[in-house]
Amino acid sequence: MNALLSVDAALSQILTNFQQLGAEQVSLEEAYQRILAEDVISTIALPPFANSSMDGFAVQAADTQTAPRSLHVIGDIPAGTSPQFVVRQGEAARIMTGAPMPAGADAVVPVEATNQNFRQTGDHELPETIEVRQAVKPGDYVRPVGEDVQIGQRVLLAGSSIQPAEIGLMAMLGVSRVPVVRQPRVAILSTGDELIAPDQPLTPGKIRDANGYVLAALVRQNGGIPLRFPPAKDSIEAVRARFEEALAEKPDLILSSAGVSVGVFDVVRTVIEEIGHIDLWRINIRPGKPLAFGQVGGVPFFGLPGNPVSAMVTFEVFVRPTLLKLGNRIDDAPIIQAYLEKPIHSDGRRTYARVKLRRDAGSGRWIASETGTQSSGALSSMVLADGLLTIPEGLTGNSPEALYSVRLLRPVTQGLS
Ligand code: AMP
Ligand code: MG
């Protein structure tokens with residue numbers, strides 16, 4: 001028997017075939033969760049003008065040192081206007097939050113710290129005078145120019161993930177077209193005479209295509225754009241036609257599931273060898289030993305196992321890092337260290353076990369236990385799993401005192417037990 005290739009060796013060999021995709025421009029609305037392709041350097045200051053942080057009166061702070069002090073109100077500055085007057089000694093201008101400071105004034109007295117004297121009772125026009133009850137210092141309640149961002153400041157770095165705050169900052173800076181890393185477009189092919197669409201009635205011998213949908217969701221989860229094709233029959237003509245349809249979409253990557261093992265009807269290999277080349281690897285991993293990698297019509301290709309759990313695990317281990325590299329995304333999936341509730345069987349291959357996690361109330365330790373049947377066709381075990389626990393290659397027995405890494409697949413909802 002040939003030696004099995006290690007997971008790490010296979011992955012690093014695969015990744016040498018990929019580099020970060022180029023950039024494209026999208027609107028601000030489309031930029032959420034995309035990866036910034038260039039630094040953003042501000043061409044303006046924020047705020048662009050000194051403005052009031054309160055509704056109140058713009059004054060010369062020196063006038064308020066002898067509070068209570070009466071000041072003559074000379075004008076009104078609603079937000080969105082630009083005052084043309086100068087506030088002199090003994091004067092005040094009514095100002096709204098966010099409105100520009102008038103020349104001459106160096107502080108704002110909040111409206112709560114004043115009494116307003118109107119020309120007549122019940123008058124809601126501008127007060128004639130105010131009485132300032134409280135002293136302010138120069139700069140009080142004033143947001144200076146550039147307090148937030150200076151002209152020429154590098155405010156966002158290439159490679160950042162664009163979140164709501166980044167979108168807001170770009171909006172304020174007038175960046176309405178955002179340079180982002182292109183999303184990988186991934187063609188997804190399922191093969192098998194037994195496969196029917198989820199909306200079709202089950203007939204004897206048939207099962208519904210899960211992998212097409214699972215892989216499309218996984219592609220989306222990792223920043224890609226899935227292009228899902230209906231299942232192809234197990235004939236060379238049908239599989240070839242499906243690959244040609246996929247190639248016509250000019251994808252960055254093609255994923256197929258099933259049909260790469262040694263089954264009599266496994267025709268994917270035959271087709272790929274006609275229109276591309278393929279390396280079929282036996283990898284030291286469980287589940288998911290056979291993995292095909294190669295090129296079809298110049299497009300990189302992964303042939304994943306047919307069993308849905310094996311397809312998911314090999315996606316997580318090999319395809320996900322590929323998509324992250326193409327999209328320049330960092331791997332932010334949390335990894336925690338857990339103890340085993342009960343020993344987990346391993347045959348010495350690197351094993352990815354589907355586990356549920358609980359936190360032991362006494363010790364605070366994370367405890368992992370396998371979810372249901374670990375059959376590589378049983379998707380319910382993935383639904384129940386909080387994460388994938390790695391048992392390193394070469395270990396067959398496992399000790400209750402050893403810690404194992406668990407890659408979380410979802411937020412752990414269960415509390416202390
Ligand atoms: P194969 O690699 O073709 O021998 O398939 C291995 C197993 O995976 C078989 O039990 C298939 O029925 C199953 N399988 C293959 N493709 C899919 C799919 N798209 N959805 C669900 N199960 C599948
Ligand atoms: Mg098959």
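For ligands, and for the atoms within them, numbers begin at 1 and follow the listed sequence. Excluded from the calculations below are hydrogen atoms, water molecules and symmetry mates; all remaining heavy atoms, backbone and side chain alike, are included.
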query = Non-hydrogen atoms of P308 versus ligand 1: any pair closer than 4.0 Å?
reply =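 Per 4.0 Å heavy-atom rule, P308 contacts ligand 1.
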message = Below 4.0 Å, non-hydrogen atoms only: which portion of S190 touches ligand 1? Side chain, backbone, both or neither.
response =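 For S190, the contact with ligand 1 is made by the side chain alone.
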task = Give yes if a backbone or side-chain nitrogen or oxygen of I207 is under 3.5 Å from a nitrogen or oxygen of ligand 1, and no if not.
result =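 N/O-N/O distance below 3.5 Å does not exist for this pair.
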query = Can you find an N/O atom of L195 closer than 3.5 Å to an N/O atom of ligand 1?
reply = no
What side-chain donor-acceptor pairs closer than 3.5 Å can you find for residues 302-315, not counting sequence neighbours?
from : atom 1 : to   : atom 2 : distance (Å)
N307 : ND2    : S376 : OG     : 3.4
T314 : OG1    : S310 : O      : 2.6
T314 : OG1    : A311 : O      : 3.2

ask   = What about the rings of F318 and F293, do their centers lie closer together than 6.0 Å?
value =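 Not under 6.0 Å, so no.
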Can you check whether [Y]'s main-chain N or O pairs, donor with acceptor, with [X]'s side chain at less than 3.5 Å?
X: S42; Y: I44; value: yes
X: Q374; Y: R354; value: yes
X: K325; Y: L15; value: yes

remark   = Within 4.0 Å of some non-hydrogen atom of D209, the atoms of ligand 1 are 18 (C), 19 (N), 20 (N)
